[in-house]
Amino acid sequence: MPTLLLTNDDGIDSPTLVPLAKALERLGTVRIVVPECERSWIGKAISRFEPVHLRTVERDGLTIRAVMGTPADCASLGMHELFPQPPDLVVSGINLGLNFGTAFVLSSGTVGAAIEAALGGVPGIAFSMAIPSDAYGLAGAARAALIGPRCAVAAATAFDITRTLWEHGFPAGIDVFSVNLPAEVTPSTPRRVTHTTRARYGPVFVRAADDHYVHHFRWYRALEEAPGGDIATVNRGWVSITPLRLDLTGAISEQLQRALEEPPGPFSK
């Protein structure tokens, strides 16, 4: 039976944490290391200058280690420091909100924890789910009430995908799987393997007073029409399963390559 490290970026009070942990216990031993509070929009940031404090909490029969740090901190601590042996697999999520398209993938603390796992030598899976629009901006019991039974159904789906990936193994060259679930996911919801849609977002801050700004997300836009992309797939009401490879190198034309590699000519005014 594998040992799984479970983390997230929504913190110890995420309504998806306990359902997912309970579901994953059917596959193997589950260790839980999560942020003390929500740490969204933080990518794979690592705490560099401040100490990272930790406390242990018992909840619903689960032992949870709560870290005053980032999701990537949690992944690193769970892999290398807190237990005698590293896990076989890191599962991050289920995030309350979708992480599809390049801009969200690169910003997400949920995906960031899975990337930190891969960089530490452990395969990582990141799960994210759509939630009702009126649940955004809420927290605690109010948010959990609006999300309702979706957490349990999403956890069951996440378990099934995790089990499949564990049984088949990660393909060569694939470091992370990013999975996005529609809000009304069920066990029979179609699933598609997708690619990451190129996307961007606009301003993420708004002035709150003369001397400070606060986070205020406004818009998100796909840069391509991609029927096989993660955005289009989830918008269709299907589960998007995206294999990610941590190779950031792109291709350029031979003409540009020659121009970049040629020695500079004489200086001219």
Side-chain angles (χ1 to χ4, degrees), residues 1-35 38 56-66 71 74-75 78-79 83 86-99 108-111 113-114 117 122-132 135 143-170 176-193 234 237-243:
M1 295 179 66
T3 297
L4 299 91
L5 174 65
L6 175 60
T7 189
N8 67 20
D9 78 356
D10 285 314
I12 192 172
D13 293 320
S14 171
T16 66
L17 179 59
V18 170
L20 182 56
K22 295 286 189 181
L24 291 176
E25 284 183 330
R26 297 163 55 196
L27 181 59
T29 300
V30 178
R31 303 166 177 169
I32 307 173
V33 185
V34 296
E38 182 175 348
T56 301
V57 179
E58 299 293 329
R59 183 172 296 178
D60 294 292
L62 300 169
T63 300
I64 303 172
R65 288 165 175 84
C74 295
M79 288 189 295
F83 306 99
D88 299 299
L89 184 66
V90 173
V91 177
S92 183
I94 302 170
N95 188 67
L96 298 176
L98 294 167
N99 283 309
S108 165
T110 303
V111 179
V122 179
I125 309 173
F127 288 98
S128 307
M129 64 180 288
I131 62 174
R143 181 174 63 179
L146 282 173
I147 297 172
R150 295 178 179 87
C151 293
V153 180
T157 304
F159 159 76
D160 189 57
I161 293 172
T162 301
R163 178 179 59 184
T164 299
L165 287 172
W166 173 252
E167 291 175 350
H168 285 260
F170 274 40
V176 170
F177 278 87
S178 177
V179 181
N180 282 279
L181 312 172
E184 305 304 329
V185 67
T186 70
S188 60
T189 299
R191 304 173 187 177
R192 294 294 183 269
V193 175
V234 175
W238 295 353
V239 176
S240 165
I241 304 171
T242 309

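The first residue in the sequence is number 1, and the count goes up from there.
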Exercise. Does some side-chain heavy atom of R191 sit less than 4.5 Å from a side-chain heavy atom of I161?
Worked result: yes
For this session: Just do the side chain to side chain contact (heavy atoms under 4.5 Å, CB included) check on T63 and E58 with the steps written out, would you?
Result: CA-CA 5 Å; T63 300; E58 299 293 329; 2.9 Å; yes
Exercise. Taking C-beta and beyond as the side chain, do V91 and F159 meet within less than 4.5 Å on heavy atoms?
Worked result: no
Exercise. Any side-chain heavy atom of T162 within less than 4.5 Å of one from F127?
Worked result: yes
For this session: Taking all heavy atoms of T16 and all of C151, pick out the closest pair and write down the distance.
Result: CG2-SG, 3.7 Å
Seminar exercise, completed: Sequence neighbours excluded, the answer for salt bridge (Lys or Arg N to Asp or Glu O under 4.0 Å) partners of D88 is none
Exercise. In a check of side chain to side chain contact (heavy atoms under 4.5 Å, CB included) between I125 and each of L4, V179, V176, which one passes?
Worked result: V179
Exercise. Is a donor on one side and an acceptor on the other found under 3.5 Å between the side chain of T189 and the backbone of T186?
Worked result: yes
For this session: Determine yes or no for a side-chain-to-main-chain donor-acceptor pair under 3.5 angstrom, with S92 supplying the side chain and T110 the backbone.
Result: yes
Exercise. Given side chains that start at C-beta, do those of D13 and R59 come closer than 4.5 Å, heavy atoms only?
Worked result: yes
For this session: Would you check if the side chain of D10 reaches a backbone N or O of L96 as a donor-acceptor pair within less than 3.5 Å?
Result: yes
Exercise. Is there side-chain contact between E25 and L62, with at least one heavy-atom pair below 4.5 Å?
Worked result: yes
Exercise. Yes or no on side chain to side chain contact (heavy atoms under 4.5 Å, CB included) for L89 and L165, after CA distance, side-chain angles and deciding distance?
Worked result: CA-CA 10 Å; L89 184 66; L165 287 172; over 6 Å; no
Exercise. So do the side chains of P35 and N8 get within less than 4.5 Å of each other, counting heavy atoms only?
Worked result: yes
Exercise. Hey, are the side chains of S178 and S128 touching, using non-hydrogen atoms and a 4.5 Å cut-off?
Worked result: no
